[in-house]
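Keep in mind that what you see is a predicted model, and the values were worked out from it rather than measured.
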There are 2 protein chains.
Amino acid sequence: MTLIEKFWESVPTAWFRTRARIRHTAAEQFGLTVEQFQVLRRIRHGIDSVSAIAADKNASRPAVSAAVDGLVTRGLVARQTDEQDRRHIHLTLTTPAGQTALSAIYEQTDAWLAQRLTTLTPVEQEQLQTGLELLKKIMEISEQ
Amino acid sequence: MTLIEKFWESVPTAWFRTRARIRHTAAEQFGLTVEQFQVLRRIRHGIDSVSAIAADKNASRPAVSAAVDGLVTRGLVARQTDEQDRRHIHLTLTTPAGQTALSAIYEQTDAWLAQRLTTLTPVEQEQLQTGLELLKKIMEISEQ
DNA sequence: AAGAAAGGTTAACTTATCTAACTATTCTAT
DNA sequence: ATAGAATAGTTAGATAAGTTAACCTTTCTT
């Protein structure tokens, strides 16, 4: 069993299961799409423009723009034009109400993940963390 | 930085980049969708029914059924009713021509992955492998 | 001041998916 | 034996996810 095969067995599956869980909480309970949730996560992390989010998540700008539209419509995010450079539009989380909903989604999704992670021993958790760091590292290499 | 955050930073990104690469090779060069490629991979691994593939990839049966349709239309896969239990339909890879195309897609996608993996030291590769095994393990836990 | 570059949106289209409902076949338990 | 449950798969109808191409604005470059 090669490393490549391990990759195929683990990474896509991990994402599909996670996405299904996000759909379960974010979508059913809060009316957000998985896309919107992913964008929200990034805005919360300070990635605050459509272009930056698109680059970070390997998606097209229009796809991110559409997700932002939905978030703005739901009152969770606000667009603010940068007065220094009027091409930029900063995205920010808005109302306390919106933040509360967001926290609830986080809690539920992260609890689902945490529940799985705690089945591992502390040593295994460290090994997983190391593995994920390496996974992130090799995926940051740009196309030649 | 918690393990959960590491997960969010690595797994979705890894999948999105990989999917973009599949699209680049499988889609542009061979007229296959990413979905069809994923189904093909599983058939090649001996997962040979719509239900089994759907379970393995956490997708609905209709979604898999639709992908199989496309593969059958392209002459890459054949449906064969099981005579012992006529509810089952076995999926098999067909013609040498189809197999050749499949091998080409594999080679290109795996080469892309391999190129990234070889930037890691042998020790790091082992650490990544351990991490991916743990990732797979925690994702196999069924919902309560 | 012209042209390139960057940020964002719109439009049109394709792919990816889901749930619900249906057909056909087989299993189960009386 | 047979009614009802369960399993495998497909169809139908919907929505979500995501692309490329083209366009507007604003800023940078020279």
Participant: Just how far, in rounded Å, is P of C:dT15 from CD1 of B:Ile22?
Facilitator: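 After rounding, the reported distance stands at 15 Å.
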Participant: How far apart are the closest heavy atoms of A:Ala78 and A:Thr94, and which atoms are they?
Facilitator: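 For A:Ala78 versus A:Thr94, the nearest heavy atoms are CB-CG2, 3.3 Å.
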Participant: Starting from P on C:dA16, measure out to CZ on B:Phe16 and report it in whole angstrom.
Facilitator: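 Roughly 13 Å, once rounded to whole Å.
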Participant: Go through DNA chain D in 5' to 3' direction and return only the first and the last nucleotide with some atom under 4.0 Å of chain A's heavy atoms.
Facilitator: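 For DNA chain D, the relevant span reads D:dA16 to D:dT27.
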Participant: Hey, is the side chain of A:Arg79 poking within less than 4.0 Å of OP1 or OP2 on C:dG8, counting only N and O atoms?
Facilitator: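 No.
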Participant: Between B:Arg61 (CZ) and C:dA20 (P), how many Å, whole number?
Facilitator: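 Checked: the CZ to P distance equals 13 Å.
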Participant: How many Å lie between CG on A:Leu91 and P on C:dG7, as a whole number?
Facilitator: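 After rounding, the gap between these two atoms is 13 Å.
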Participant: A quick test of your reading: do over 12 heavy atoms of other residues, nucleotides or ligands sit less than 6.0 Å from CD of B:Glu126?
Facilitator: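 Atom CD in B:Glu126 is not packed in, count stays at 12 or less.
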Participant: Would you mind reading off the distance between B:Arg86 atom CZ and C:dC27 atom P, rounded to a whole angstrom?
Facilitator: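 Going from B:Arg86 (CZ) to C:dC27 (P), I get 14 Å.
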Participant: Rounded off to whole Å, could you give me the CG-to-P distance for the B:Asp85 and C:dT25 pair?
Facilitator: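 Taking CG of B:Asp85 and P of C:dT25, I get 11 Å after rounding.
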Participant: With a non-hydrogen cut-off below 4.0 angstrom, is B:Ala59 in contact with a base, only sugar-phosphate, or nothing?
Facilitator: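 B:Ala59: backbone/sugar contact only, no base atoms under 4.0 Å.
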Participant: Whole angstrom is fine here: how far is it from CD1 in B:Ile89 over to P in C:dA24?
Facilitator: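 After rounding, the gap between these two atoms is 13 Å.
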Participant: Just checking B:Asn58: base, sugar-phosphate only, or nothing, at a heavy-atom cut-off of under 4.0 Å?
Facilitator: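 Sugar-phosphate: the residue B:Asn58, judged by heavy atoms under 4.0 Å, touches backbone atoms but no base.
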Participant: Apply the side-chain contact (heavy atoms from CB on, under 4.5 Å) test between B:Leu91 and each candidate in B:Val72, B:Ile47, B:Val68; give the one that qualifies.
Facilitator: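 Option passing the side-chain contact (heavy atoms from CB on, under 4.5 Å) with B:Leu91: B:Val68.
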Participant: Please classify the nucleic acid contact of A:Gln84 as base, sugar-phosphate, or nothing, using heavy-atom distances under 4.0 Å.
Facilitator: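 Sugar-phosphate contact only.
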Participant: Between B:Glu83 and B:Ser60, which has a closest nucleotide on DNA chain C that is more 5'?
Facilitator: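 Comparing both residues, the 5'-ward one is B:Ser60.
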Participant: Name the residue from B:Asp48, B:Leu40, B:Val39 that meets the side-chain contact (heavy atoms from CB on, under 4.5 Å) definition with B:Ile53.
Facilitator: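 In the set B:Asp48, B:Leu40, B:Val39, the residue that makes a side-chain contact (heavy atoms from CB on, under 4.5 Å) with B:Ile53 is B:Val39.
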Participant: Using a 4.0 Å heavy-atom cut-off across all strands, classify A:Ser51 as base, sugar-phosphate, or nothing.
Facilitator: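 A:Ser51: backbone/sugar contact only, no base atoms under 4.0 Å.
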Participant: So what does A:Ala63 hit on the nucleic acid, given a heavy-atom distance under 4.0 Å: a base, only sugar-phosphate, or nothing?
Facilitator: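 If one applies the 4.0 Å heavy-atom cut-off, A:Ala63 turns out to touch a base.
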Participant: Backbone N or O of A:Ile138 within a donor-acceptor pair of the B:Arg116 side chain at under 3.5 Å?
Facilitator: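 Side chain of B:Arg116 to backbone of A:Ile138: a pair is present.
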Participant: Is the Lys NZ or Arg CZ of B:Arg21 less than 6.0 Å from the centre of B:Phe16's six-membered ring, within 45° of the axis?
Facilitator: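 That pair does not qualify as a cation-pi contact.
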Participant: Can you check the B:Arg19 CZ to C:dT14 C1' distance for me, whole Å?
Facilitator: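 Nearest whole value for this atom pair: 13 Å.
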Participant: Run the salt bridge (Lys or Arg N to Asp or Glu O under 4.0 Å) test on A:Asp56 and A:Lys136 for me, step by step, so that the C-alpha distance in whole Å, both residues' side-chain angles and the decisive distance to 0.1 Å come before the verdict.
Facilitator: CA-CA 12 Å; A:Asp56 188 65; A:Lys136 185 184 174 200; over 6 Å; no
Participant: Do any side-chain nitrogens or oxygens of A:Ser65 fall under 4.0 Å of OP1 or OP2 in C:dT9?
Facilitator: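 Checking A:Ser65 against C:dT9: at least one side-chain N or O falls below 4.0 Å of OP1 or OP2.
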